[in-house]
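Read through the structure below, which is laid out as structure tokens, and then see the notes.
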Amino acid sequence: MDLLGKDYMMRSSTLEWSHYQKSPVADVICQLTFPDILSIAGEAPAAFQGQVRKDYPLFQLMQDRRGYTFSNQDRTWQIVLTQNSVAVVTTRYAGWVGFRKTIVEVSSAFQNVYQPPFFTRIGLRFRSLFRPSQFGVAKPDWKTLINAKVLGPFSIPEVAGQVQGSRHEVVMTLPTGQDRFRLIHGFVSVMDQESNGKPGELSYLVDQDYFSIQQVACSDAAAKLDHFERNAGRFFGLCVLDPLHQALVPKAA
């Protein structure tokens, strides 16, 4: 399947997707999966906590009691540790360089303590939410904001009516053939905590999930993630049309 043109993964975008004053990135997740390490579930991860406590002082046992979370003070960054995965999650994404550095640090700390033989799966997920009110768009014409091939039937001029919601999912191979890309996108209703019963705001979600399907040597994880991030940036650039690009307010070069 070819969503945006047969060579879309090979094109370089002129849009640096994290270089906006009003970033649409809601959260980013990197998950490294490995063969089960029973000691993680069997005892508190004191040694691992010692490695990350300076930056992630808040510790909590997960509700299902099968894993642990380590958070920074304002909980915008989090490490999630289970017996078969370690993940880095942030709701304050400021660019790939900083996020990559954090992944490398957390992965190194994990490997120092638990010494996994390899990773069985590497995943990198970016969720971007285009909420008109946050970007100064009073009456959004989605056909001028989002690529028509992403909008699908909603880009057809003859289609009339008020959109209430939609969800589309596509899974495809990356050019290497060894990795996969899952895209979930569509209209969602976003409500504020203090909505007072008011209807949610119609927004557009672009959820990109890149993952490996073969085991990866621990030393090769960073290069794999770099590859995923480049593909994510290119795809993002192809989704966003110029009026939305300008509404996000690009940072000065």
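All values below were derived from every heavy atom in this structure, side-chain atoms included, with hydrogens, water molecules and symmetry-related copies excluded. Keep in mind the model is a prediction, meaning the values are calculated, not measured.
- Ring-plane geometry between Tyr204 and Phe187 is classed as perpendicular, the angle between the planes exceeding 60 degrees on a 0 to 90 degree scale with a lower cut at 30.
- Between Val80 and Met62 there is a side-chain heavy-atom pair separated by less than 4.5 Å.
- Distance check: Asp207 CG to His168 NE2 gives 13.5 Å after rounding to the nearest 0.5 Å.
- When all heavy atoms are compared, the tightest approach of Gln134 to Lys22 is O-CD, 3.6 Å.
- Both Tyr114 and Val86 sit in one connected hydrophobic cluster of ILVMFWY residues. Membership requires side-chain heavy atoms under 4.5 Å apart, directly or through other members.
- Using a 4.5 Å heavy-atom cutoff, the side chains of Ser107 and Phe119 are in contact.
- Aromatic ring orientation, Tyr210 versus Phe181: parallel (interplanar angle below 30°, classes split at 30° and 60°).
- Under the 4.5 Å side-chain heavy-atom criterion for grouping Ile, Leu, Val, Met, Phe, Trp and Tyr, Leu202 is connected to Leu151 within one hydrophobic cluster.
- Using a 4.5 Å heavy-atom threshold, the side chains of Arg125 and Arg182 count as separate.
- For Phe126 and Tyr93, the ring centers are positioned less than 6.0 Å apart.
- Across all their heavy atoms, Leu183 and Gln208 have their closest contact at CD1-CG, 4.3 Å.
- Rounding to the nearest 0.5 angstrom, the gap separating the NZ atom in Lys224 from the CD atom in Gln214 is 7.5 Å.
- To the nearest 0.5 Å, atom CD of residue Gln215 and atom CD1 of residue Ile122 are 11.0 Å apart.
- Asn147 places a side-chain N or O within 3.5 Å of a backbone atom of Leu238 that can act as its donor or acceptor partner.
- When every heavy atom of Phe34 is checked against every heavy atom of Ser85, the shortest pair comes out as CZ-N, 3.1 Å.
- Hydrophobic clustering (side-chain heavy atoms under 4.5 Å, transitive across Ile, Leu, Val, Met, Phe, Trp, Tyr) groups Val240 together with Phe135.
- Among Thr120, Leu32, Asp36, the single residue meeting the side-chain contact (heavy atoms from CB on, under 4.5 Å) criterion with Asn84 is Asp36.
- Relative orientation of the Phe236 and Tyr20 rings is tilted, given thresholds of 30° and 60° on the angle between their planes.
- In this structure, Glu201 contributes its side chain and Ser133 its backbone to a donor-acceptor pair below 3.5 Å.
- The aromatic ring centroids of Phe48 and Tyr68 lie 6.0 Å or more from each other.
- The line from CD of Gln60 to CD of Gln78 is 8.0 Å long, rounded to the nearest 0.5 Å.
- Not less than 6.0 angstrom separates the ring centroid of Phe228 from the ring centroid of Trp96.
- Atoms OG1 and CG, on Thr90 and Asn72 in that order, are 7.5 Å from each other to the nearest 0.5 Å.
- Counting all heavy atoms, side chain and backbone alike, Leu81 lies closest to Phe70 at CB-CE1, 4.1 Å.
- The OG1 atom of Thr173 sits 5.5 Å away from atom CZ of Arg180, with the distance rounded to the nearest 0.5 Å.
- The nearest pair of heavy atoms linking Pro140 to Ala138 is CD-O, 3.5 Å.
- Qualifying side chain to side chain contact (heavy atoms under 4.5 Å, CB included) partners for Val190, counting only residues two or more places apart in sequence or in other chains: Leu129, Arg131, Val188, Ser203.
- Note on Phe211: it does not cluster hydrophobically with Leu124, by side-chain heavy-atom contacts below 4.5 Å among ILVMFWY residues.
- Two residues are said to be in side-chain contact when any heavy atoms from C-beta on lie closer than 4.5 Å; Pro116 and Gln111 meet this criterion.
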